[in-house]
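Read through the structure below, which is laid out as structure tokens, and then see the notes.
Values reported hereafter were calculated over all heavy atoms of this structure, with side chains retained and with hydrogens, waters and symmetry mates removed.
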Amino acid sequence: MTAPIRTRFAPSPTGFMHVGGVRTALFAWLLARQSQDGVFILRIEDTDKQREVEGSIDQIANSLKWLGITWDEGIEVQGPHAPYLQSERLDIYKKWAQKLIDSGRAYADPYTPEQLEGFRQEAKAAKRPFLYRHHRPENPPVWDGTQPLRFKSDPKAYTWTDAVMGELAADAEAVDDFILMKSDGFPTYNFCHIVDDAEMSITHVLRSQEFVASVPKFLNLYEALELTVPTLATLPFVMAIDGKKKLGKRDGAKDILEYAKEGYLPEAMMNFLATLGWNDGTEQEVFTASELVEKFSLERVQKSPARFDEKRLLWLNGQHIRALNIDDLYERVKDFWPVSAKNVSDEKKKEVLSLAQDRLKTLADLPVLTDY
């Protein structure tokens, strides 16, 4: 019998949740829900305290809840691998760091920022890439936590299979001595996500395309820690509508909860996100959550970037509004009625709503369509 799928979503609390991040969470959730005893974990990677934005953790949780993405372990619900906040797991990272020190695969970095910058300038002048391992100290000091701790890499070429991208490869130049633990006592992403995934028995790691270049370093660390590499799945970028650049705030990437305020249904948003770079091989465009769970597969996630088309989201929202029964729709529009409906009976409002339902694209259209 195959082991149950265990996936995770591990965002940093550095701002609001937008389309790209939420799509990663959705794909990981769909994958876990397909397995009989599948588990989806919400872990927060809050090791970069300088960039943390107050209120972000609540915003992340509320965004997933609005969409209907529930988690089995993680913040709020806890579970057997608690804590799920990385800043509360520092002793765990120190234990794993010590393993690497004891096996001769980690060392204290004795250089000042100025010395490191000097090495970079030397490489630039020689027109070669800067690799820290070329400056590895011969007799590093004993690591006491006040200096960064670096991974002693074993450079080699790698070929690996990505569940979305297929066969990928990189030469030894992609592998370098990276920082495991910073001088402030916090681990780096490159280190702690691998430790946490191992501790939490994660079977599938889904993440954005920007991490592809780092995978050889991760593979080198997996080997040093004698860990089995989980299934890796790289999700292509979500691009602006013109397809020329990654979707950003200027191109309409906004807080996912803004769509709730604007009268979008969570079912429509889930449908839209799922079909941003995935299809089931048919002409079907409108999916329920249960259909997505049944039909989703990593094999049908496209390798090329997806375009963020808000007009398509609007069309899908209209389709999902029309699929609701009148009682359900009535519950959802309670905050969108015009002022003129204040003293109107529920029965009369439902009559008016049934006339407007076919023309609603968002719930926020209700006042314009019903005020008269």
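For the pair Pro148/Lys182, no side-chain contact is recorded, criterion being any heavy-atom separation below 4.5 Å from C-beta on. With contacts defined as side-chain heavy-atom distances shorter than 4.5 Å, the pair Trp160/Val229 does not qualify. Between Leu265 and Leu324 there is a side-chain heavy-atom pair separated by less than 4.5 Å. Put simply, the side chain of Leu355 does not reach to within 4.5 Å of the side chain of Thr370, judged on heavy atoms. When side chains are defined from C-beta on, Ser103 does not count as touching Leu225, because their heavy atoms never get closer than 4.5 Å. Asp196 is not listed as a side-chain neighbour of Ile202, based on a closest heavy-atom distance of 4.5 Å or more. Side chains of Phe9 and Trp71 form no contact here, defined as non-hydrogen atoms less than 4.5 Å apart. Under the 4.5 Å side-chain criterion, counting only non-hydrogen atoms from C-beta, Asp197 is in contact with Val205.
For Phe218, the ring pair (Phe, Tyr, Trp, His ring centres under 6.0 Å) partners are His193, not counting sequence neighbours. In this view, Glu331 and Lys334 satisfy the side-chain contact (heavy atoms from CB on, under 4.5 Å) rule, not counting sequence neighbours. Legend: residues meeting ring pair (Phe, Tyr, Trp, His ring centres under 6.0 Å) with Phe191, ordered by chain and number and at least two apart, are absent.
Under the 4.5 Å side-chain heavy-atom criterion for grouping Ile, Leu, Val, Met, Phe, Trp and Tyr, Val333 is not connected to Leu257 through any hydrophobic cluster. Residues Leu366 and Tyr259 fall into different hydrophobic clusters, defined by Ile, Leu, Val, Met, Phe, Trp and Tyr side chains chained together at heavy-atom separations under 4.5 Å. Linking ILVMFWY residues whenever their side-chain heavy atoms come closer than 4.5 Å, directly or via other members, places Leu227 and Val195 in the same cluster. Hydrophobic clustering (side-chain heavy atoms under 4.5 Å, transitive across Ile, Leu, Val, Met, Phe, Trp, Tyr) keeps Ile179 apart from Ile92. Hydrophobic clustering, with ILVMFWY side chains joined whenever heavy atoms are under 4.5 angstrom apart, groups Leu298 together with Phe40.
At distances below 3.5 Å, at least one donor-acceptor pair connects side-chain atoms of Arg300 with backbone N or O atoms of Asn279. Between the side chain of Asp46 and the backbone N or O of Ser87 there is at least one donor-acceptor pair closer than 3.5 Å. Put simply, the side chain of Ser35 never gets that close to the backbone of Ala32: no donor and acceptor are under 3.5 Å apart. A donor-acceptor contact shorter than 3.5 Å is absent between the side chain of Asp371 and the backbone of Pro367. Thr7 places a side-chain N or O within 3.5 Å of a backbone atom of Ala28 that can act as its donor or acceptor partner. The backbone N or O of Ala169 lies less than 3.5 Å from no partner atom in the side chain of Thr159, so there is not a single donor-acceptor pair. When atom types are taken as modelled, the side chain of Thr14 and the backbone of Arg51 share no donor-acceptor pair closer than 3.5 angstrom. Side-chain atoms of Asp280 do not come within 3.5 Å of backbone N or O of Lys295 as any donor-acceptor pair. At least one donor-acceptor pair closer than 3.5 Å links the side chain of Gln357 to the backbone N or O of Ile321. Glu258 places no side-chain N or O within donor-acceptor distance of the main-chain N or O of Asp255, the cut-off being under 3.5 Å.
The minimum heavy-atom distance between Tyr84 and Leu42, with the atom names listed, is CB-O, 3.9 Å. Of all the heavy atoms in Arg332 and Leu363, the pair that sits closest is O-CD1, 3.5 Å. Scanning both residues, Leu313 and Ala268, for their nearest heavy atoms gives CD1-O, 4.2 Å. A pairwise comparison of heavy atoms in Ala260 and Phe336 identifies O-CZ, 4.0 Å as the closest pair. The two residues Leu292 and Gln34 have their closest heavy-atom pair at O-NE2, 4.4 Å. Taking both residues in full, the closest heavy atoms of Met17 and Val22 are given as CE-CG2, 3.6 Å, listed atom of the first, atom of the second, then distance.
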Point to revise | Step-by-step side chain to side chain donor-acceptor pair (under 3.5 Å) determination, Thr161 to Glu167 | key: CA-CA 5 Å; Thr161 303; Glu167 290 291 309; 2.5 Å; yes
**Study point:** Audit row: Leu149, Phe151, side chain to side chain contact (heavy atoms under 4.5 Å, CB included) steps and yes/no
**Key:** CA-CA 7 Å; Leu149 182 71; Phe151 175 53; over 6 Å; no
Point to revise | Check against side chain to side chain donor-acceptor pair (under 3.5 Å), Asp102 and Gln98 | key: CA-CA 6 Å; Asp102 294 344; Gln98 193 59 50; 2.9 Å; yes
Exercise for review: Using the side chain to side chain contact (heavy atoms under 4.5 Å, CB included) rule, take Phe27 and Leu276 through it: C-alpha gap first, then chi angles, then the decisive distance, then the call.
Suggested key: CA-CA 11 Å; Phe27 283 10; Leu276 263 183; 5.9 Å; no
Exercise for review: In sequence, state the C-alpha distance, the side-chain angles, and the governing distance for Asn190 and Leu180, and then conclude on side chain to side chain contact (heavy atoms under 4.5 Å, CB included).
Suggested key: CA-CA 7 Å; Asn190 292 341; Leu180 301 165; over 6 Å; no
Exercise for review: Go through the steps for Glu285 and Thr275 under the test side chain to side chain contact (heavy atoms under 4.5 Å, CB included), then give the verdict.
Suggested key: CA-CA 8 Å; Glu285 291 195 68; Thr275 51; over 6 Å; no
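For the pair Lys350 and Glu347, the salt-bridge criterion is not met [side-chain N within less than 4.0 Å of a carboxylate O]. Using a 4.0 Å cut-off between charged side-chain N and carboxylate O, Glu173 and Arg133 make a salt bridge. Between Glu199 and Arg43 there is no salt bridge, since none of the side-chain N atoms of the basic residue sits less than 4.0 Å from a carboxylate O of the acidic one. The existence of a salt bridge linking Arg359 and Asp365 is excluded, since no basic side-chain nitrogen approaches an acidic carboxylate oxygen closer than 4.0 Å. By the 4.0 Å N-to-carboxylate-O rule, Asp91 lies too far from Lys95 to be salt-bridged with it.
Separating the CG atom in Leu168 from the CG atom in Asp162 is a distance of 5.5 Å, to the nearest 0.5 Å. Of the inter-residue distances, the one linking Ile194 atom CD1 with Thr188 atom OG1 reads 9.0 Å to the nearest 0.5 angstrom. Note: Glu76 CD to Ile57 CD1 = 10.0 Å, rounded to the nearest 0.5 Å. In this structure, CG on Asn317 lies 6.5 Å from OG1 on Thr362, to the nearest 0.5 angstrom. Note that the OG1 atom of Thr282 and the CZ atom of Phe287 stand 5.0 Å from one another [nearest 0.5 Å].
Among residue pairs with one or both ends in residues 143-159, those qualifying as salt bridge (charged side-chain N to carboxylate O under 4.0 Å, His left out) are Asp109-Arg150, Asp154-Lys156, Lys156-Glu223; sequence neighbours excluded. Applying the side-chain hydrogen bond (donor to acceptor under 3.5 Å, both in side chains) rule to pairs touching residues 15-30 yields nothing, sequence neighbours excluded.
If you look at Tyr189 and Phe211, their ring centroids are closer than 6.0 Å. Between Phe308 and Phe237, the distance from one ring center to the other does not fall under 6.0 angstrom.
Within a 6.0 Å radius of NZ in Lys348, no more than 12 heavy atoms belonging to other residues, nucleotides or ligands are found.
Taking the centre and axis of the six-membered ring of Phe16, the NZ or CZ atom of Lys254 falls outside the cone set by 45° and 6.0 Å.
Clustering of Ile, Leu, Val, Met, Phe, Trp and Tyr by side-chain heavy atoms under 4.5 Å joins Leu116 with Tyr107, Tyr111, Phe119, Phe130, Tyr132.
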